[in-house]
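These numbers were taken from a predicted model, which means no experiment stands behind them. Letters A, B, ... mirror the listed sequences (proteins, then strands); counts begin at 1.
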There are 2 protein chains.
Amino acid sequence: MLFTGTHIHKLDRKGRVSVPKRFRAALEMEEFAGIYLYQSHKECALEGCSHSHMERIAASLDELDMFSDEADDLADTILGSSHMLPYDGEGRIILPAELIEFARIEDQVAFVGRGRTFRLWNPDIFKPLQEASRTRTLNRGATLKLKPMNELPKGARPGTPNEEDAS
Amino acid sequence: MLFTGTHIHKLDRKGRVSVPKRFRAALEMEEFAGIYLYQSHKECALEGCSHSHMERIAASLDELDMFSDEADDLADTILGSSHMLPYDGEGRIILPAELIEFARIEDQVAFVGRGRTFRLWNPDIFKPLQEASRTRTLNRGATLKLKPMNELPKGARPGTPNEEDAS
DNA sequence: TGGGAAATGATGGGGGTCAATGGGATTTGA
DNA sequence: TCAAATCCCATTGACCCCCATCATTTCCCA
């Protein structure tokens with residue numbers, strides 16, 4: 001259930017692109033056989049996630065005051081602009097023209113894992129950004145505090161079942 | 001059971017418009033084969049939802065003080081002005097003239113998913129508003145606090161059956 | 001350890017199917 | 001009796017299913 005690594009695939013003449021096998025494997029327990037994509041707020045990229053992650057977003061928005069301006073804006077920019085894209089028999093999706101244009105994608109697509117979610121880029125745009133981000137991280141001497149094992153969700157630990165309610 | 005994405009359909013000369021297949025699919029477990037629409041009280045748009053969501057609104061109104069002005073107003077604007085619209089054989093509804101006029105809809109209708117509910121817009125009005133909403137989100141640096149996985153309804157989690165009564 | 005065979009994932013393309021739409025015919029209800 | 005709603009069928013074009021090919025990795029066995 002983790003998206004990792006960068007996978008570059010071809011966008012064919014019909015606007016189709018194969019979802020990396022690794023990503024599909026991470027999604028195989030999902031009730032919907034496909035992915036969700038929406039335009040990133042800050043990057044020239046597309047945000048990708050699973051159906052259950054989208055349910056999580058919807059449920060979280062539900063909790064904000066139903067009529068708050070902030071919830072409204074988020075609903076429009078995430079839920080309203082997201083595309084539900086089913087696989088074909090070969091595990092490909094059709095990239096909508098609107099999203100191709102937004103991310104300035106040409107003939108190749110980079111799938112970049114980000115843990116629970118992932119991003120789609122034009123590889124030529126992503127590569128220099130990745131370099132920059134790498135040097136920033138080095139210069140800053142950034143370290144990541146890891147959560148202790150026993151605070152992780154059960155499914156994320158080896159030897160534990162995936163269900164919280166398993167008896 | 002999630003409304004996502006923006007779907008633009010034509011309003012024909014008879015005042016009919018196709019409900020997007022994806023939305024119909026999200027509603028297929030409903031006892032009523034159709035949708036509910038009512039005028040939004042803050043946007044130039046129509047609010048849409050399922051029969052069961054309308055029940056939820058009614059139940060929430062019940063909890064407000066029965067004779068408060070607020071409950072009165074909400075009851076009038078939501079329940080009083082809502083239209084119950086059944087599909088025809090092809091999955092279309094007839095948009096009442098009153099609602100067409102209110103939302104200033106011309107020859108096209110945008111169905112915009114908002115999770116548990118959706119909105120209907122004149123696409124020419126919605127588009128610039130969505131852009132504005134995206135910019136506000138970016139400037140505000142808004143992030144959404146996601147609910148923990150284990151507080152979600154079971155069907156929304158991968159690997160869990162869709163029914164609560166699974167034994 | 002190397003080479004070849006087999007399996008698997010990625011890519012390309014044809015054609016059938018179904019959702020969206022338009023319009024006529026029939027029924028319903030005021 | 002008229003208008004409006006529902007049913008029915010026709011058209012069309014986008015999407016999805018299927019298969020064929022190619023590339024890569026894995027596996028097996030000499």
Side-chain angles (χ1 to χ4, degrees), chain A residues 2-28 30-37 48 51 82-101 105-113 118 120-123, chain B residues 2-28 30 32-37 48 82-101 105-113 118 120-123:
Chain A
L2 273 191
F3 303 110
T4 58
T6 295
H7 313 262
I8 295 180
H9 285 173
K10 247 189 117 175
L11 185 70
D12 71 17
R13 259 187 293 170
K14 288 175 158 185
R16 296 177 301 188
V17 62
S18 290
V19 176
K21 185 69 208 322
R22 291 277 164 73
F23 284 22
R24 264 158 30 216
L27 290 170
E28 66 186 358
E30 293 284 328
E31 64 169 84
F32 165 62
I35 62 174
Y36 284 79
L37 291 179
H51 178 78
S82 72
H83 292 251
M84 184 185 190
L85 306 172
Y87 306 139
D88 67 9
E90 278 67 45
R92 294 173 289 198
I93 55 164
I94 298 181
L95 262 195
E98 182 195 356
L99 297 184
I100 292 177
E101 191 180 345
I105 286 168
E106 285 149 25
D107 59 339
Q108 287 193 320
V109 184
F111 288 75
V112 182
F118 53 91
L120 266 57
W121 291 85
N122 175 335
Chain B
L2 203 56
F3 302 109
T4 60
T6 294
H7 312 263
I8 296 179
H9 285 174
K10 264 190 102 170
L11 185 71
D12 71 17
R13 262 186 289 170
K14 289 177 164 183
R16 296 176 301 188
V17 63
S18 290
V19 176
K21 183 72 209 316
R22 290 272 160 73
F23 284 21
R24 275 175 359 234
L27 291 170
E28 66 186 359
E30 293 284 326
F32 165 61
I35 62 174
Y36 283 79
L37 291 179
S82 76
H83 295 251
M84 184 182 185
L85 305 171
Y87 305 139
D88 69 8
E90 277 68 45
R92 294 173 287 200
I93 55 165
I94 297 182
L95 262 194
E98 180 195 358
L99 297 183
I100 293 176
E101 192 180 344
I105 285 168
E106 283 150 26
D107 59 339
Q108 286 192 320
V109 184
F111 288 75
V112 181
F118 54 91
L120 266 57
W121 291 84
N122 175 335

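We find that CG of A:Leu85 is positioned 11 Å from P of D:dC15, with the value rounded to whole Å. Summarising the geometry, the separation between CG on A:Asp88 and C1' on D:dA14 is reported as 14 Å, rounded to the nearest angstrom. When the P atom of D:dC15 is taken as reference, atom CG of A:Asp12 falls 13 Å away, rounded to whole Å. Between the NZ atom of A:Lys14 and the P atom of D:dC15 there is a distance of 11 Å, rounded to whole Å. The separation between A:Leu11 atom CG and C:dG12 atom C1' is 13 Å, rounded to whole Å. Computed from coordinates, the B:Arg16 CZ to D:dC7 P distance equals 12 Å when rounded to whole Å. Between the CZ atom of B:Arg22 and the C1' atom of D:dA14 there is a distance of 13 Å, given to the nearest Å. We find that CD1 of B:Ile8 is positioned 11 Å from P of C:dT21, with the value rounded to whole Å.
Between A:Lys10 and C:dT11 there is no side-chain polar atom (N or O) within less than 4.0 angstrom of OP1 or OP2. In terms of phosphate contacts, A:Ser18 brings a side-chain nitrogen or oxygen within less than 4.0 Å of OP1 or OP2 of C:dT11.
Residue B:Glu90 places its side chain closer to D:dC9 than to any other of C:dA10, D:dC9, D:dC18. The listed nucleotides are D:dC16, C:dG12, C:dA10; the one nearest the side chain of A:Arg24 is C:dA10. Counting only heavy atoms from C-beta on, B:His9 has its side chain closest to C:dA20 among C:dG12, C:dG24, C:dA20. Of the candidate nucleotides D:dC16, C:dG13, C:dA20, C:dG13 has the atom nearest to the side chain of A:Arg92.
Ring orientation note: the planes of A:His51 and A:Tyr36 are tilted relative to one another, at an angle of 30° to 60°. Classified by interplanar angle (parallel below 30°, tilted 30° to 60°, perpendicular above 60°), the ring pair A:Phe23/A:Phe111 is perpendicular.
Contact annotation for B:Arg13: backbone-only contact, meaning every heavy-atom pair under 4.0 Å involves sugar-phosphate atoms and none involves a base. Counting any heavy atom pair closer than 4.0 Å across all strands shown, B:Val17 reaches no nucleic acid atom.
A donor-acceptor pair under 3.5 Å is absent between the side-chain atoms of B:Arg22 and the main chain of B:Thr4, judged by distance alone. No donor-acceptor distance shorter than 3.5 angstrom exists from the side chain of B:His9 to the backbone of B:Val17, with no hydrogens or angles considered.
No side-chain heavy atom of B:Leu2 sits under 4.5 Å from any side-chain heavy atom of A:Met84.
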